[in-house]
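Everything on this sheet refers to the single structure shown next.
Since the model is a prediction, treat every value here as computed from it, not as a measurement. These numbers come from the heavy atoms of this one structure, side chains and all, not from hydrogens, waters or symmetry mates.
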Amino acid sequence: MIYAGTIFLSSFLLFLVQPLIARLILPWFGGSAAVWTTCMLFFQVLLLGGYAYAHGVARRRFEPLIHTALLVAAVATLPIMPAQSWKPAGDAEPITRILLLLGATVGLPYLLLASTSPLVQAWFARARPAANPYRLFALSNLASLLALLGYPLVVEPYLSAREQVSVWSWLFGAFAVLCAALAWRTPRAASVAHTAEAAPPVTARDFGWWLALSATGSVMLLAVTNHLTQNVASVPLLWLVPLTLYLATFIIAFEGGAWYQPRYLWPLLLMALIGMAWLLVDTDYHYQLALQLGVFLAGLFVGCLFCHSELYRTRPAPTHLTAFYLTVSAGGALGGLFVAVLAPLIFTGYFELGAGLAALAVLAALRFISVGRIAYLASLVVVLGVGACATYDGFRHQRDVIVAKRSFYGVLRVKEYGAPGEDSHLRRLVHGTIMHGEQYMSAARRRTPTTYYTETSGIAAAIRAKQSHPVRVAVIGLGTGTIAAYGRPGDVYRFYDIDANVIRIARDEFTFLTDSRARVEIALGDARLTLEREPAEGFDVLAVDAFSSDAIPVHLITKEALATYFRHMKPDGIVAFHVSNRFLDLIPVVARLAKELKLEAALIADDPDDDDTSLKSRSDWVLLSRDAAALKAPAIVEAGATPAEDRPGWRTWTDDYSNLIQILK
């Protein structure tokens, strides 16, 4: 039981720290879903390092002494709270900074936790040569799964961030004592060395198969996670669901039963591939959240179940156990490297999902050759179909596109319709799959505010309410810079944006900024961090309009964030939240914040008429102010302002608490 207990505690801590540390640093890097992808890359690379350490130390003469010394050094680095000095400046390169931050904060403890499962399994194989050590890997993943489920359901709702760090650090100390004791009581490698001669050799083909299976599972995990989080919300809950399913497939596969039969699994896997490839190219169903979640989460589960069951089926003798796990970990790290680092450099869109589907289809075809003629031929057809869908998705992504940029913060495309000189000539900025602004390009119409910012929108009403004097307007989220169209001589419009690509596109491809009669200022960097550093600006209006595709950076819509905004407002200033969203009902969230901070709140919902041919989009804006009279200005009343309804039973969103499930439409 001591072997099982040590593995269980180590894996529990290993996967508990992942959402914990990601949640702590998420607000520092713009709330982007890429924060989680980068964290996953770090965790996978360090997992590889842990497995490499386990493989290298498992048969060393001074193995107990080496491991105990490292455990003591890891305890000395506690607690794991990241230092404030790691907060980035506006122009800091995020991926490198996140990796360095994680290395300095949790690097050594995570490395030792990562090494525990293969190392203790090797110890167990020495102590009990007749037993199956691979079942302990199923236990390891069960502990990981419990940690992931326990974090949003038990840990996060009841413990503050500092309490979470403290509890984790104490548990790690207990693990270190347990693991050190186990290292000294396990038989030395020399006493069981004779078993190595009886083990069958591992071939290069075996290593290649393990590497391909684990890399494909990793790519599918991260690509599906990116697909879901870029269009819903960048919060740990949506990161954890795919990872939970991924771990569940490891548990099922390595539990040791004889349930895995390719002749039964092949039709399920091929149907899953067809369903995911279909949704990849069929835009009519893109915004049906239930369908997207159902197909991609089920497809991820079946795909990873195939990959991990094949890993267990082809596992080597226990003598080669650490080499097997090292190869599996290397594949996971390669998958993470591809999605988190290489894909943003070589792709202008989220094409890694199509690549992952194609790789999974090829592996399925290779495996199902031995199942039967029908299974093999069907697999080949699916390979061709998935490849065609992935290729079509890539070409469609570039249709009407004149500029395409991808960075840590997402995929940006500028689409152009019509010809220069035509009255209908326009350009559109698309972030991910969501339109983030449009502009007529003709001289007569290019100063016209469009989409969510038209003359009848909530933000227009807020600005007009303050135009009895020169106004100072702040906007979190630049987009195309449409709001600058309301600028007059003497006004100041200050935009905050975290993505340098957005700033370049707004300046080079659109003219709202250059045409504005106001003085336009742009601050690069996360808006909340920048506002925290700046002295009080005395804004009349502050618009919170930051979206990554259709996902909201949650750290910009919390009690602490709102307090930061109002530090910069005049006494009668208005903070306007853009809460239009296909999947999330954000209105009660903002209304609850207003009630908590004793603010006045009004909702302006703006719908285009059925016969409206202008570039007008439906929009919802919630206006907040300390001064009740500010929200009773004629411009706001005439825009159809109504009370923003609070949900009395809901908790206020803070930096330590948010509830995505509660606001799903």
Taking the ring centre of each residue, are F306 and F368 less than 6.0 Å apart? yes

Report the residues that fulfil side-chain contact (heavy atoms from CB on, under 4.5 Å) with P79, sequence neighbours left out, ordered by chain and then residue number. V165, S169

Considering residues at least two apart in sequence or located in another chain, which fulfil the ring-ring contact (aromatic ring centres under 6.0 Å, His included) criterion with F207? W210

A355: partners by side-chain contact (heavy atoms from CB on, under 4.5 Å), with sequence neighbours left out: F338

Could you state the interatomic distance from CG (L16) to CG (L113), rounded to the nearest 0.5 Å? 10.5 Å

Determine whether F8 and L146 satisfy the following criterion, side-chain contact (heavy atoms from CB on, under 4.5 Å), listing intermediate values before the conclusion. CA-CA 10 Å; F8 187 93; L146 291 176; 3.7 Å; yes

So which atom in L353 and which in A223 form the shortest heavy-atom distance, rounded to 0.1 Å? CA-CB, 3.7 Å

Identify each donor-acceptor pair in which a side-chain atom of residues 378-395 lies under 3.5 Å from a protein atom, sequence neighbours left out, and give them as a table.
from	atom 1	to	atom 2	distance (Å)
S379	OG	A375	O	2.7
T391	OG1	G387	O	2.8
D393	OD1	R396	NH2	2.8

Which distance, rounded to the nearest 0.5 Å, do you find between the CG of L139 and the CD1 of I7? 6.5 Å

Got a sec, which residues hit ring-ring contact (aromatic ring centres under 6.0 Å, His included) with F172, two or more places apart in sequence or on another chain? W168, F175

Does some side-chain heavy atom of L297 sit less than 4.5 Å from a side-chain heavy atom of P242? yes

Are Q44 and S329 linked by a side-chain donor-acceptor pair shorter than 3.5 Å? no

Report yes if the side chains of P82 and I25 come closer than 4.5 Å at any heavy-atom pair, otherwise no. yes

Are the side chain of R315 and the backbone N or O of Y312 linked by a donor-acceptor pair below 3.5 Å? yes

Nearest heavy-atom pair of G354 and L280: which atoms, and what distance? CA-CD2, 3.9 Å

Under a 4.5 Å cut-off applied to non-hydrogen side-chain atoms, are Q292 and H227 in contact? yes

Look at the side chain of S117 and the backbone N and O of A114, then say whether any donor-acceptor pair between them is shorter than 3.5 Å. no

List the steps and the verdict of side-chain contact (heavy atoms from CB on, under 4.5 Å) for L326 and L48. CA-CA 6 Å; L326 178 59; L48 174 61; 3.6 Å; yes

Kindly write out the residues that satisfy side chain to side chain donor-acceptor pair (under 3.5 Å) with T216, not counting sequence neighbours, or none if the list is empty. none

Return the minimal non-hydrogen interatomic distance between W278 and L291, and the atom names on each side. CH2-CD2, 4.4 Å

Write down the atom of L311, the atom of S214, and the distance for their closest heavy-atom approach. CD1-CB, 4.5 Å

Go through the structure and list residues passing side-chain contact (heavy atoms from CB on, under 4.5 Å) with L149, not counting sequence neighbours. L145, T244

Assign the ring pair F254 / F324 to parallel, tilted or perpendicular, where the plane angle (0 to 90°) is split at 30° and 60°. tilted

Under the ring-ring contact (aromatic ring centres under 6.0 Å, His included) rule, collect the residues that match up with Y376, sequence neighbours excluded. none

I374, CD1: over 12 other non-hydrogen atoms inside 6.0 angstrom: no

Check side chain to side chain donor-acceptor pair (under 3.5 Å) between T249 and all other residues, then give those that pass, not counting sequence neighbours. H308

If the condition is side chain to side chain donor-acceptor pair (under 3.5 Å), which residues does S140 pass it with, not counting sequence neighbours? S11

Contact check, side chains of F301 and I252, non-hydrogen atoms, under 4.5 Å: yes

Side chains of I505 and K405: does their closest heavy-atom pair fall under 4.5 Å? yes

Distance-only check: which donor-acceptor pairs under 3.5 Å involve side-chain atoms of residues 102-111, not counting sequence neighbours?
from	atom 1	to	atom 2	distance (Å)
T105	OG1	L101	O	2.8
Y110	OH	Q18	NE2	2.7

Least distance between heavy atoms, L300 atom then M276 atom: N-SD, 4.2 Å

Between Y246 and M220, does the side-chain contact (heavy atoms from CB on, under 4.5 Å) criterion hold? Intermediate values first, please. CA-CA 9 Å; Y246 178 81; M220 287 298 299; over 6 Å; no

Contact summary for A272 and G299, nearest pair of heavy atoms: CB-CA, 3.8 Å

Could you please spell out the steps behind the side-chain contact (heavy atoms from CB on, under 4.5 Å) verdict for L71 and C179? CA-CA 8 Å; L71 287 168; C179 192; 4.0 Å; yes

Taking side chain to side chain donor-acceptor pair (under 3.5 Å) as the test, write out the residues that go with S144, two or more places apart. none

Looking just at side-chain N and O atoms, do Y53 and H67 make a donor-acceptor pair shorter than 3.5 Å? yes

For residues T116 and L119, determine if any side-chain heavy atom of one lies less than 4.5 Å from a side-chain heavy atom of the other. no

Should E352 and N226 count as side-chain neighbours, where that means a heavy-atom distance under 4.5 Å? yes

Using a 4.5 Å cut-off on heavy atoms from C-beta on, say whether the side chain of L412 contacts that of V430. no

